Structures are given as C-alpha cells and as structure tokens.
*Asks:* 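Below is a structure I'd like to ask you about.
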Amino acid sequence: MASRFNPFKADGHWQSIWEKQEVFKAPPATDPRPKSYILEMFPYPSGRIHMGHVRNYTMGDVIARYKAMTGHAVLHPMGWDSFGMPAENAAMEKKVHPGNWTRQNIEAMKKQLKRLGLAIDWSRELSTCEPDYYGHEQALFLDFYKAGLVYRKESEVNWDPVDMTVLANEQVIDGRGWRSGALVERKKLNQWFLKITDFAEELLEGLDGLEHWPEKVKLMQENWIGKSKGLKLTFNLVGTHDGIDVFTTRPDTLFGASFIAIAADHPLAQSLAENAPRLQDFIADCKKGGTTAAEIETAEKMGFNTNLTVEHPLDPSWHLPVYVANFVLMDYGSGAVFGCPAHDQRDLDFARKYDLPVTRVVADGDETDSDFDGDVAFTGPGQIVNSHWMNGMTVDEAKADVIAKSEAEGWGEGQTQYRLRDWGVSRQRYWGTPIPIIHCEFCGVLPVPRSQLPIVLPEDVSFDVPGNPLDRHPTWKYVKCPNCQEPARRETDTLDTFADSSWYFIRFASQPADKPFDADEVKAWLPVAQYIGGIEHAILHLLYARFWTRALQRVGKIDFAEPFGALFTQGMVTHELYYREKHLTTESTVDEALVSYDYFSPEEIVRTSEGATLVADNQQVVVGRTVKMSKSKKNVVDPDPMFDQYGADAVRWFMLGDSPPERDLEWSESGIEGTWRFVNRIWRLVDGLNSPRASLGEVAAGTADGGAVDAVSGLTTAAPPPPASQAVPLPEQAQGGLDKALDKSLHRAIAGIGADIYALHFNKAVAKVHGLVNDIEKAKPSASRTAAIRTLPLLVAPMLPHLAEEAWAALGNEGLIAGQPWPSHDPALLVDDEVTIAVQVMGKLRDTLTVAKGTPKDSLETLALASEKVQRAMDNAVPKKVIVVPDRLVNIVL
RNA sequence: GCGGACGUGGCGAAAUCGGUAGACGCAACAGACUUAAAAUCUGUCAUCCUUUGGAUAUGCGGGUUCAAGUCCCGCCGUCCGCACCA
C-alpha cells in the first residue's frame, strides 16, 4: 500500500524532530567550518504574520539550509522589533498595556512562524522591548555619549495644538492631526541627536566596498548623504558690517543672482521679527504644516521682503534684495541661499511670483540673450554667458574659477557640504528605550551611572489622555542627582525605535547577560553574510545600522565597519482589490474626495471567469488593481489557513517560484493550488520507487483531521472521498542500463539549482526542479531514473524541507536530510556535444542547423548557404557579407 | 517637489556577454480514464495572414548595429523612499 504525503502530519512531525534534536542551533564560535550568518529583517509584532513575512523568511530559510548543506556553520536567528507606536495606539483604543499587547502578539506570531518550518536557532530569540535587550542599548548610548557622539539641540516636531501633543509624520494626514483634526504646526523642542554626520564621508566611501549590495540601494544612500562641493561666501549687508553666509553648489551662476533668501528660523529673520509684527506673522505662517520634506517642498513658495539689501561680492555697487522664504531649510548649509532663477526651478518660481529679474548665465545653444523667458529653468550643462570674464567657460571651469577667485580675494571659500543631517533620536513616547540621562538643576545634564542600568520602564502608566505617560507619571522621573544627591529628574524621552534595530544583529551573535555582546564571538559571526528585507528600508534602517556599527568601531567595541556583507531587497506580496463604491448620503456630486469604497477580503469573494461576486449577497463586486496587501484595503491573505489547507511546503514553493524575488509577488488561489499539486507530483515519484504497483492517491487539500476546507468560504466540509487510484507507475525494478539524457538532466539540475539558490534566483531554481521532474516522469525505468529520484529530495530540501525529510525517510535513508551534504555533479555531463545554430538572412531567422559543438566557421557558412530555406530567402542574391558566431548563429547580409 | 526603480503572451515569468524572444508555471481549451466529480495522464495555446509558408510583436517614439528585450536619446505609466510608520 502506497503511503501518501500528508503535510498536516508531516509538517508538525518534522518540526518537532528538528526542535528536539536542536538541528538548527548555531554551533559555538570555535566551530572550524566557514561561518555563514543569514539574517532577515526582524518583524514588528503587529499581531499576525503576513505574507510579506512569509516570503522574506522563506527566502532566508532556503539560503540558511543551502549553506548548511554546502558545509557552512550557520547562524540563522529570529527576534522581535517590539517597541513602537502601534502598541501605544492599542493601549489607547483597547485599554491594554502596550507590553501585554506586544508580548501576546509575539506569542501568536511565533506560533505562526514555526508552522513555516524555518531553520531557525530559537535559543537566540530576542525582543527589543525587554530590559535584557534595551538595558544594553542604554549602555551603548552611554558609550556614544562619552565619546562625544551624542548632543542636544533644538529641533522641530509636528505639534497638534488641540491635543497638545507631538505627532509622528504618519499621524499627520493632509496637514491635520489624525485624532483632533486640528491643523498641525511645527514646534521646537530640545532633543537628543547622534552625530551621524561625523561619519558622512566614511558612510559614503564605505558604499564602494559593498560589492554584494544592490546598486540601487547604494545609489539611494549616496544621494541621501548628498555630498556636494561648492562655495561658501558672504554677502555684505548694505550699510552694516554684518553679512549673510550662503552656501551654493552653483558658484558659476553668481552673475545670474537675483535675490537672497533666508530660512524663517535664520537668526537674522528672528532678530528682524522682534520689531516687525508683519514678519512675525509671516514666520508663523511658515511654521504651519508638518515637518516632512514632501510637504515643505510642495508647499507654495512664499517670501517676505525684508527691505534689506546685500552687495554682490563681484560688484559691490550691485545690490540684491533679501527675502525670508519658506522653501529655505535652516538644516542645510547655512540656512540661506542666493537665488539664480534662470537656472534653478524653485528660484524661478519664486522670482516670477515676486517679479524679480531673471538673467540667463548658462546657454546650451545660440540663445544667449540675458533675458530669460518662460517658466522652466535651464539646469543642464552649457557655456557661461553674460558673466564678464567667465564668458565661454564650461560650467565646471567656471565653478573652479569662481572658487579660486573667492579664496584669493577673501570673500569665500570652497566647501564640501552633505545633505545628511544628524539623527534625532528623542521621542516623546512611552513604548521605547528610556534615554539614560538625568537632568539636575545644579549639575546640568548627567549620564545615568552604569550601575543603575537598566533604566526600566514603569508598568503603571495611563493612556487615557494624549501626551507622554512617562512625563506625567507620578514618581518615575524623580531621582537623586548622581553627582550632588539633590532632587533631579530623569529624561522622559525614549529612543527612536530605529536605534533598537541598529544593533540587534550584533546581539544575536552573542548574548552575555552583563554586557551588550562579547567581541570575540561577534568577530566570529559578523558581518552578516546575507541580509534580506524590504526595499522600503533601503535608506533609513540600513544607514542607521551602518552608522551604529561604525560608531561601535570608533569607541573600540568591535573591529569591523560594515554590518551587512551582502544585502538583498525583496518585493512585496500583492493581491487584487475587491470593492464597491459607497453610496454617500450627502448631496455632493463630483467631489472626488467624497468618493469612498467598501472593500472586501478575498475570503468573502468568489472569483468567476467574468469577475467576482460577494458570497454574502451573490452580487458582483469590482475587481480592482493588484496592490500591496494591506489591512485597510482588506486584500490580505492570512498564512494560517493556507498552512491548514496546503501545508507549509506548498506555501513556501509558491513564495519562491512565482516571481523573481526582487519583484512584487501576486498571491493567487490558483497559484497555490498549482504548487500544492506539484508537491504531490514529487511525492508520487518517490513513492513510485518504493511501491511501484501499489495504488497511488492524493491526500485532498484539507485539514489535519481529514475534513476538506472549502477554498473560498474557509468552512470545513465533510471528510473527503477516499483517494482513487489512477496513474500506476511502471515498476522501477525493471531497471537496466543507464539513461544518458536523464543523467545529463539530473546533473544539470544539481549544478543549476545550486547556482540559482546561491545567486538568490529562487524562481529559476524552482523552474529547474520542474524541468527535472518533467524529465524523470517521461523517462523509462533505468538505474539513472532511480538515481534521479533518490537525489530529488536533496535538491528540494532547502525549499520543501518537510516533504524532503518525509521522502528521505521513505527512501530508507539514515538520519535527517537537513544534515546531508548537497549532491555533487559531474562537470563532464554539463557539456553539450551538439549545438543548434540559428541561420539568419538579413537578421531574420530562416533556418536552424544542428551541428557538432566547435564546428569551424567556414563549415558553418557552407552549411548555412546550402540550406533550402536560406536559398529561398536569399532569392538568388549574392551575399555581401556572412557573419558567423561559432556555436551560435550565422547571419547572411545581402 | 526631490531621490530610486520597474514596464515581455490572457496571467506570473525566462532569455547569465548585443546573437533562435516566450524555458518553466498559472489559467483556458480538446481528448483519455471515471456511473459522475475531483485527481491524474496526453495534446493545443503571442497576434495576424493568402498557413509545408510569411508578416508583426518585449509600454510609446526615435537612434546605433550585420543583429537590440538587452546599448543611447526623448516621452508615457506604475511603484518605493523623503529623516517621528516599522
């Protein structure tokens, strides 16, 4: 009697064996094998695992398992990025403590993750919201503080004037607070900063060494750091001894200057405003709206003429007006710019609005007229015009020339500027790492003594009113000054959660109780051999982690600079939308903002050939675009029911095979059905070898107790009908000789699948497994076929670990497949002795030739010209030229 | 507004170096088996035409080349990030 693959038994069975035998426990640092640290970005415990997690962790798992099979000592850990805003929101809405909510989520999600059968060393699990993690983070913060990498300064936050609370950018919707609906303002607070700009040059140069990072991520980081060379110069204020410092990357356009614009926070604007109520009002206007770059840069350009003027450095008799402008940022350069409207779009918009002169100083053609027309600035390269001695120079020549002149004459100097700003880490929130600082009225700002770490969050906090619960806690913040013993108070801000994710990969490698990590163990495992996560982390998380690592190196805690040797950014998991337009009761007609939709989840829908209908009322719904799965649009598919219906391996196979890993993956019901069928096809081959004449059957997709689950409704129906028998495989015992074609196919698959996994081309590896299975199924019984079937479980082991273990055992092998080496291939079998040559006439394919590999050029030419199809296409013409690429093609040019 | 990517049959894709476009899969269709359904197996499957052949096809428009999905220029569309979402 043939056995059948039952994932509902096999999954749990093998998972518990792996756990019992500690198969995936990382070996000690002294293990002689080459180390391979495989890491996926750890999840935020939002409540449920989503398909994006499933995809991310499946990919990492395939690599970890493949590395183990190819002789590596593997570290593959998992943890929880467990501080953050959603826990506080849950506390407000559901009246639960953020800690309880978070820990419950972790338990639920851990259970879900385990069902995927991941090769994870759970003994190293960590959670950033526990004092045994964040306490060590506080110690590292103090190390940075001591090294001068931490400082305090004023910085703007989004302020909700009704709730009297700080808002995250995410909580500002269309310029209004998400709960109060009040127009958001910008407010200054004293906040803590980490000196990431100290590392700007290092972080930029370090990118060159990151060979295994995607170019796009390196480019984004490069642009984010934004190194630019330019001129810092001073414009003297007419009638005073003061001046305005300006940084420009376009000193070549200095003769096109038309105005000076300073930021609303510029000290000059502030001092002028003291006696100018209208300017005060204007500055207050500039502070309306949130702090995001997108909001500031798309806001309409506004200026306030100060009536001050400055002298042009190259012609003191030429005076330029000084404006306060909302598009100038105090954080970049010196908070002041000179406007050259002809060659900068923002300056042009501003100049047209305030009717300021627009002078052309760069020309790319015949148009050299000094009057610049139109509303599109010219920012391309060209030659300098209307600029006295610079006329005729290129932009680059002119830049160098002006900088040299400014330095010689003493009114400016060349300067390197970075766009990167220091990292503001203060958050006015409860659910984060308390910043280990004490404020004393007499002694000032003091670090918490290390003996007092960890500074633990108080449990008794309330979330019934907006604001920071730490700040209004009755006792927590009151402490004695460690210096003078007088009453003092704790810092009540907590650290940005990006700090937690900036060193967790180090803690995974080494987890002593008394310090953040052990340097020797860290040295053995890091840098991470392969890091995998979403492209949305391309800049912030990855830059902060790179900074934190370099900062640890600077303070002497570790001896490497880059945390992630190789990076891979995977695409999102998407699903189509199902919705109906909501009928609004208002009389409003075409106002788009008022059109809203009712969304339906895939579980509520039956997909038909014409479209989709809602199960509840059997009426049509609109099938929308395919977009990222999100709760608000209800196009989410929960992994758990999929494990129930198809088992972990079918879900994993779908995640790996359906799209290239860097691209978006569209979840589809028929797709997962297909992978489920394929898992069974593999099983049938193995099973056929064992019991050739026994009847075979499928286990129907169903639940562990044998009841089938309706794919659409999710309801359990009656037990499935007994499996019927159909395909009776030929007896494998009737083996005989070898099957050379199948041998080739197998060895190509061994080499190709390994190479594809190594290169993270999982979809191609999947296609190659399909190809091999097709070939095996078509082959007649032979020793080769038996060998191919016995090898097949090893080839799918990284991707379908449960099926692989089950097959390995069924084939009578000893031990676990998880501990087996990757099969070796015979290179001789990879070489073709025949090749197919394309024959083109004028670049169009007319015939193909099958010839021995390495057939010389002239023979190929003769053969090609002799072809009847080629003759016909040539139509008696005489070839002008014949291009022959050996083993590839012949192209006859007429 | 700024920065970064992506776009190939009905659908997901492949084509590693400029050299036979569509491997592999999904869906669909036809057939076999079956009382029936499911499963399984076999076959068809880019579009069009005057069909043992031919033409057109890799978002659109140009260009380079004997040869372009691949290189160059210009558009269009979609997505991601923008420093307090994680």
Side-chain angles (χ1 to χ4, degrees), chain A residues 41 43-44 46 81 83-86 157-158 166-172 214 216-217 219-220 222-224 226 290-299 327 331 345-346 420-429 496-498 501 534-541 543-544 569 571-572 609 625 627-628 657-660 662-666 668 670-671 673-675 677-678 680-681 684 696-698 700 720-721 723-727 755 759 761 763-764 766-771 774 777 836-840 842-845 847-848 869 872 880-883 885 888-889 891-894:
Chain A
M41 292 178 186
Y44 176 77
S46 57
D81 187 15
F83 272 139
M85 264 194 336
V157 292
N158 298 307
V166 177
L167 297 176
N169 285 338
E170 195 188 46
Q171 296 170 319
V172 179
K216 61 177 172 182
V217 174
L219 192 56
M220 279 191 260
E222 187 183 324
N223 289 332
W224 186 261
T291 59
T292 69
E295 198 171 340
I296 291 167
E297 284 166 34
T298 51
F327 67 91
D331 289 323
Q345 190 60 48
R346 289 184 304 183
L420 182 68
R421 310 200 299 256
D422 276 334
W423 177 11
V425 292
S426 289
R427 297 291 180 271
Q428 296 70 43
R429 271 189 269 284
D496 180 3
T497 56
F498 273 124
S501 53
I535 185 68
E536 68 274 18
H537 295 293
I539 296 175
L540 293 180
H541 161 60
L543 194 63
Y544 291 145
T569 54
M572 298 176 301
S609 49
R625 289 187 310 153
V627 297
K628 180 179 182 172
D658 210 55
S659 283
E662 69 280 4
R663 226 180 279 183
D664 288 354
L665 171 76
E666 184 181 356
S668 73
S670 58
E673 292 273 357
T675 62
R677 286 197 298 266
F678 185 71
N680 276 293
R681 264 173 80 194
R684 270 199 305 279
L696 279 183
E698 313 312 309
S725 72
Q726 291 309 327
H761 296 156
N763 57 320
K764 296 190 209 168
V766 163
K768 289 193 172 97
V769 173
H770 270 281
N774 287 345
E777 282 177 342
T836 307
I837 305 271
V839 183
Q840 301 176 329
M842 292 300 286
K844 284 193 200 292
L845 183 72
D847 201 0
T848 57
K869 289 174 182 170
R872 202 183 317 148
K880 222 182 266 172
K881 193 158 50 154
V882 179
I883 284 153
V885 183
R888 286 243 153 203
L889 92 162
N891 187 13
I892 297 157
V893 186
L894 301 177

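A note on names: the letters A, B, ... follow the listed sequences, proteins ahead of strands, and every chain is numbered from 1. Not measured: the values here are computed from a predicted model.
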*Asks:* Could you check how far CD of A:E662 sits from C1' of B:rU16, rounded to whole Å?
*Replies:*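 Taking CD of A:E662 and C1' of B:rU16, I get 14 Å after rounding.
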*Asks:* Classify every nucleotide of nucleotides 19-26 of chain B by which part a protein heavy atom approaches to under 4.0 Å, writing B for the base, S for the sugar-phosphate alone and - for neither, in 5'-to-3' order.
*Replies:* BB--BSSS
*Asks:* Would you compute the distance between atom CG of A:L420 and atom CD1 of A:I539 and round it to the nearest 0.5 angstrom?
*Replies:*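 One finds 11.0 Å between CG of A:L420 and CD1 of A:I539.
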*Asks:* Does B:rC17 count as syn, meaning its glycosidic angle lies within 90° of 0, or as anti?
*Replies:*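 It is syn.
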*Asks:* To the nearest 0.5 Å, how far apart are OG1 in A:T298 and CD1 in A:I296?
*Replies:*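 Nearest 0.5 Å value for the OG1-CD1 distance: 9.5 Å.
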*Asks:* How about A:D658 and A:N763: does a side-chain donor come under 3.5 Å of a side-chain acceptor?
*Replies:*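 Side chains of A:D658 and A:N763: no pair found under 3.5 Å.
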*Asks:* Can you measure from CZ (A:R888) to CD1 (A:I883) and round to the nearest 0.5 angstrom?
*Replies:*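 With rounding to 0.5 Å, CZ (A:R888) is 15.5 Å from CD1 (A:I883).
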*Asks:* Any donor and acceptor pair, going by atom type alone, linking the side chain of A:Q428 with main-chain N or O of A:V166 inside 3.5 Å?
*Replies:*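 Side chain of A:Q428 to backbone of A:V166: no pair is present.
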*Asks:* Going by a 90° cut-off around 0, is B:rG43 syn or anti?
*Replies:*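 The base of B:rG43 is oriented anti (glycosidic angle more than 90° from 0).
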*Asks:* Under the ring-ring contact (aromatic ring centres under 6.0 Å, His included) rule, collect the residues that match up with A:F678, sequence neighbours excluded.
*Replies:*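 Here the qualifying residues are A:W653, A:H770.
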*Asks:* Check side-chain hydrogen bond (donor to acceptor under 3.5 Å, both in side chains) between A:Q171 and all other residues, then give those that pass, not counting sequence neighbours.
*Replies:*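 In terms of side-chain hydrogen bond (donor to acceptor under 3.5 Å, both in side chains), with neighbours along the sequence ignored, A:Q171 is linked to no residue.
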*Asks:* With a 4.5 Å cut-off on side-chain heavy atoms, are A:T569 and A:E662 touching?
*Replies:*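 They are not in side-chain contact.
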*Asks:* Considering only nitrogen or oxygen atoms on both sides, find all protein atoms under 3.5 Å from nucleotides 54-56 of chain B and state each distance.
*Replies:*
from	atom 1	to	atom 2	distance (Å)
B:rA55	OP1	A:R846	NH2	3.3
B:rA55	OP2	A:R846	NH1	3.3
B:rU56	OP2	A:K844	NZ	3.3

*Asks:* Could you tell me which non-hydrogen atom of A:D331 sits nearest to which non-hydrogen atom of A:R421, and how far apart they are?
*Replies:*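 Minimum heavy-atom contact is CB-CD, 3.4 Å.
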*Asks:* Quick one: list whatever passes ring-ring contact (aromatic ring centres under 6.0 Å, His included) with A:Y544, sequence neighbours left out.
*Replies:*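 Partners of A:Y544 by the ring-ring contact (aromatic ring centres under 6.0 Å, His included) criterion, ordered by chain and then number, come out as A:W423, A:F498.
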*Asks:* What integer number of Å spans the P atoms of B:rA39 and B:rC29?
*Replies:*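 That atom pair is separated by 13 Å.
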*Asks:* How many Å lie between CZ on A:R346 and P on B:rG1, as a whole number?
*Replies:*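 My rounded result for the distance is 13 Å.
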*Asks:* If I pick the C1' atom on B:rA55 and the same atom on B:rC11, what distance separates them, to the nearest angstrom?
*Replies:*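 Here B:rC11 and B:rA55 have their C1' atoms 26 Å from each other.
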*Asks:* I'd like to know whether A:E297 forms a salt bridge (Lys or Arg N to Asp or Glu O under 4.0 Å) with A:R346, so could you lay out the CA-CA distance, the side-chain angles of the two residues, the decisive distance to 0.1 Å, and finally the verdict.
*Replies:* CA-CA 9 Å; A:E297 284 166 34; A:R346 289 184 304 183; 5.4 Å; no
*Asks:* Can you check the A:N223 CG to B:rC2 P distance for me, whole Å?
*Replies:*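 These atoms are roughly 13 Å apart.
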*Asks:* Would you name the heavy atoms of A:M85 and A:A168 that are closest together and state the gap between them?
*Replies:*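 Nearest pair, atom of A:M85 first, then A:A168: SD-CB, 3.8 Å.
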*Asks:* Could you state the atom-to-atom distance from CD of A:E777 to C1' of B:rC41 in whole Å?
*Replies:*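 About 10 Å, once rounded to whole Å.
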*Asks:* Rounding to an integer number of angstrom, what distance separates B:rG12 and B:rG3 when you compare their P atoms?
*Replies:*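 Looking at atom P only, B:rG12 and B:rG3 are 30 Å apart.
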*Asks:* Distances under 3.5 Å only, N/O to N/O: pair up the protein atoms with those of nucleotides 29-32 of chain B.
*Replies:*
none

*Asks:* Using the P atoms only, state how far B:rU40 lies from B:rC26, rounded to an integer number of Å.
*Replies:*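 10 Å, rounded to whole Å.
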*Asks:* Restricting to non-hydrogen atoms, name the atom on A:G84 and the atom on A:Y44 that form the minimum distance, rounded to 0.1 Å.
*Replies:*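 Between these two residues, the closest heavy atoms are O-OH, 4.0 Å.
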*Asks:* Distances under 3.5 Å between protein N/O atoms and the N/O atoms of nucleotides 43-46 of chain B, please, pair by pair.
*Replies:*
none

*Asks:* Grab the two heavy atoms, one from A:H541 and one from A:S501, that are nearest each other, plus how far apart they are.
*Replies:*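 Closest pair (atom of A:H541, atom of A:S501, distance): CE1-O, 3.1 Å.
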*Asks:* Output all residues satisfying side-chain hydrogen bond (donor to acceptor under 3.5 Å, both in side chains) with A:R427, sequence neighbours left out; order by chain, then residue number.
*Replies:*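 With sequence neighbours excluded, A:R427 shows a side-chain hydrogen bond (donor to acceptor under 3.5 Å, both in side chains) to A:D496, given in chain and number order.
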*Asks:* Please measure how far the C1' atom in B:rA30 lies from the corresponding atom in B:rU35, and state the result in whole Å.
*Replies:*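 It comes out at 22 Å once rounded to the nearest Å.
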*Asks:* Considering non-hydrogen atoms only, spot the tightest contact between A:T291 and A:V157 and give its length.
*Replies:*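 Looks like CG2-C, 3.8 Å.
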*Asks:* What are the two closest non-hydrogen atoms of A:A538 and A:M220, and how far apart are they?
*Replies:*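 In terms of heavy atoms, the two residues are closest at CB-CE, 3.9 Å.
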*Asks:* Give the dot-bracket line for RNA chain B from 5' end to 3' end: parentheses for intra-strand Watson-Crick or G-U pairs under 3.5 Å, square brackets for crossings, | for inter-strand pairing, dots for unpaired.
*Replies:* (((((((..(((......[....))).(((((.......))))).((((...))))..(((((..]....))))))))))))....
*Asks:* Taking only the P atom of each, what is the distance from B:rA15 to B:rC66 in whole angstrom?
*Replies:*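 To the nearest whole Å, 28 Å.
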*Asks:* Determine, for nucleotides 79-86 of chain B in 5'-to-3' order, which nucleotides have protein heavy atoms under 4.0 Å from the base (write B), from only the sugar-phosphate (write S), or from neither (write -).
*Replies:* SSSBBBBB
*Asks:* Residues two or more places apart in sequence or in another chain: which of them pass side chain to side chain contact (heavy atoms under 4.5 Å, CB included) with A:S668?
*Replies:*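 Checked A:S668 against side chain to side chain contact (heavy atoms under 4.5 Å, CB included); matches are A:F654, A:S670.
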*Asks:* Compare side-chain N and O positions of A:R663 against OP1 and OP2 of B:rG12 and report whether any pair is under 4.0 Å apart.
*Replies:*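 So the side-chain polar atoms of A:R663 never come under 4.0 Å of the phosphate oxygens OP1 or OP2 of B:rG12.
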*Asks:* What residues form a side-chain hydrogen bond (donor to acceptor under 3.5 Å, both in side chains) with A:H761, not counting sequence neighbours?
*Replies:*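 For A:H761, the residues satisfying side-chain hydrogen bond (donor to acceptor under 3.5 Å, both in side chains) (neighbours in sequence not counted) are A:K764.
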*Asks:* Could you give the distance separating B:rU58 and B:rA68 at their P atoms, to the nearest angstrom?
*Replies:*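 After rounding to an integer number of Å, I get 11 Å for this pair.
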*Asks:* Take atom C1' in B:rG43 and the same atom in B:rC33, then report the distance between them in whole Å.
*Replies:*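 One C1' to the other, the span is 15 Å.
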*Asks:* Can you tell me the distance, in whole Å, between the CZ atom of A:F678 and the C1' atom of B:rG12?
*Replies:*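 Rounded to the whole Å, the gap is 16 Å.
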*Asks:* Pick the closest RNA chain B nucleotide for A:H761 and for A:V217 by heavy atoms, then say which residue is nearer the 5' end.
*Replies:*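 Residue closer to the 5' terminus by nearest nucleotide: A:V217.
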*Asks:* Does the side chain of A:V217 come within less than 4.5 Å of A:I535's, by heavy atoms?
*Replies:*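 Answer yes - side chains close enough.
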*Asks:* Would you kindly give the CG-to-P distance between A:L665 and B:rC6, to the nearest whole Å?
*Replies:*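 After rounding, the gap between these two atoms is 18 Å.
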